[in-house]
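Index from 1, following the sequence. We count ligands from 1, going down the list as the structure has it; atoms in each ligand are counted the same way.
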Amino acid sequence: MRFQVLTLFPEALRALAGYSIIGRAIQNGLLSITATDIRRFTTDRHGTADDYQFGGGPGMVLKPEPVFAAVDDALAAVPDAERGATPVVLTSPQGRLLDQSIVDEFAAAPGLIIICGHYAGVDERIRAGLVTHEVSIGDYVLTGGELAALVIIDAVSRFVPGVVGSAENVQEDSITSGLLQHPLYTRPAEFRGMAAPEILRSGNHAEIERWRRRQSLERTRRQRPDLLDAARLTNADRAYLAGLGGNDDDDAA
Ligand SMILES: C[S@@+](CC[C@H](N)C(=O)[O-])C[C@H]1O[C@@H](n2cnc3c(N)ncnc32)[C@H](O)[C@@H]1O
């Protein structure tokens with residue numbers, strides 16, 4: 001999967017490429033991340049990529065000409081057959097909130113072109129003439145789109161086949177599964193007076209699965225009850241939740 005990020009600060013994109021799962025996926029040829037400096041596409045000798053707002057107001061606005069030229073250049077690097085299926089994403093606090101459905105949609109694409117705004121934002125003609133998806137990573141405002149681009153790349157990459165060890169790992173994660181994940185424990189069995197639950201060390205796989213499912217249901221109900229409406233629940237899940245009544249103590253088991 002090819003991620004092409006257009007930014008005034010390409011150095012900010014280096015954060016993901018050099019280590020752990022994403023770094024390894026790049027080395028293995030499963031992903032590529034290129035960060036292109038929008039200033040490369042300016043035409044004046046000062047490399048002016050931003051300008052004052054028409055009508056007045058604080059902050060500079062990213063100019064349309066270098067961004068259109070940078071997107072044209074990025075699209076030219078995409079094979080003909082993949083161009084139409086390559087989203088052009090604007091990072092923006094005004095966009096749709098990033099969630100699993102957007103991550104799934106992007107992961108099915110051959111690549112993404114991601115535009116990072118900065119300062120006051122981008123000229124509206126960029127939105128109107130270039131962008132296929134406008135995405136926010138949360139209801140707060142960042143100084144620039146670079147961190148948002150990294151979040152999108154990281155979240156999408158986990159769903160590119162081969163990037164995370166086994167497909168099962170990602171499907172069982174919180175949110176992706178529709179619920180929050182059950183508590184996790186590793187050695188030592190006892191730490192500072194806190195014991196890992198006996199059941200997890202029993203070797204009884206059916207009982208372990210049952211315990212995990214129940215923990216997952218309880219935790220979701222307590223921390224993200226909104227998820228339960230859309231979660232795929234069995235009759236046994238519903239009966240278990242109904243039986244919980246008002247008692248929200250879970251992790252103590
Ligand atoms: C300071 S913000 C501009 C906000 C703009 N004045 C507005 O009110 O919509 C600068 C840039 O940071 C990025 N950005 C800020 N908050 C973001 C968020 N929550 N999600 C994604 N990108 C964000 C966008 O690329 C944006 O153009």
Side-chain angles (χ1 to χ4, degrees), residues 1-17 22 31 33-42 46-75 78 86-109 111-160 174-176 224 226-227:
M1 177 142 195
R2 187 186 308 104
F3 296 102
Q4 299 188 75
V5 184
L6 311 178
T7 167
L8 294 176
F9 302 98
E11 60 277 17
L13 271 298
R14 290 204 196 108
L16 264 185
I22 305 291
L31 306 174
I33 305 175
T34 55
T36 301
D37 190 341
I38 292 169
R39 282 200 182 81
R40 255 185 57 205
F41 299 91
T42 57
H46 300 295
T48 308
D50 55 325
D51 209 336
Y52 296 102
Q53 298 185 40
F54 281 133
M60 304 295 274
V61 175
L62 206 49
K63 288 165 67 62
E65 312 94 302
V67 177
F68 271 72
V71 170
D72 284 347
D73 182 72
L75 284 170
V78 176
T86 299
V88 177
V89 180
L90 176 65
T91 55
S92 159
Q94 301 178 27
R96 221 179 111 197
L97 280 178
L98 184 65
D99 65 7
Q100 187 65 45
S101 68
I102 302 179
V103 168
D104 289 343
E105 182 185 343
F106 286 172
L112 297 181
I113 295 170
I114 306 178
I115 303 169
C116 301
H118 224 89
Y119 313 121
V122 304
D123 185 284
E124 190 62 21
R125 288 161 292 190
I126 292 169
R127 226 180 226 109
L130 283 179
V131 168
T132 61
H133 297 69
E134 187 171 349
V135 174
S136 166
I137 63 159
D139 281 340
Y140 42 79
V141 176
L142 304 164
T143 55
E146 290 73 18
L147 286 173
L150 288 171
V151 168
I152 294 168
I153 292 169
D154 190 293
V156 170
S157 295
R158 300 182 73 252
F159 290 85
V160 173
S174 296
I175 311 296
T176 310
R224 288 293 304 276
D226 56 300
L227 294 178

- Query: Looking only at heavy atoms, which two atoms of Ala109 and Met1 are closest? And how far apart?
  - Reply: O-CE, 3.5 Å

- Query: Is Arg14 salt-bridged to Glu11, going by a charged N under 4.0 Å from an acidic O?
  - Reply: no

- Correct closest heavy-atom pair for Pro87 and Gly111 would be CD-O, 3.3 Å

- When every non-hydrogen atom of Ala49 is compared with those of Leu8, the smallest separation belongs to CB-CD2, 3.6 Å

- Query: Between Phe9 and Tyr119, how do the two ring planes meet: parallel, tilted or perpendicular, split at 30° and 60°?
  - Reply: perpendicular

- Could you give me the CA-CA distance, side-chain angles and deciding distance for Ser101 and Arg96, then say whether side chain to side chain donor-acceptor pair (under 3.5 Å) is met? CA-CA 11 Å; Ser101 68; Arg96 221 179 111 197; 3.1 Å; yes

- Residue shell for ligand 1, any heavy atom closer than 4.0 Å, reads Thr91, Ser92, Pro93, Gln94, Gly117, His118, Tyr119, Ala120, Gly121, Val135, Ser136, Ile137, Gly138, Tyr140, Val141, Leu142, Thr143, Gly144, Gly145, Ala148

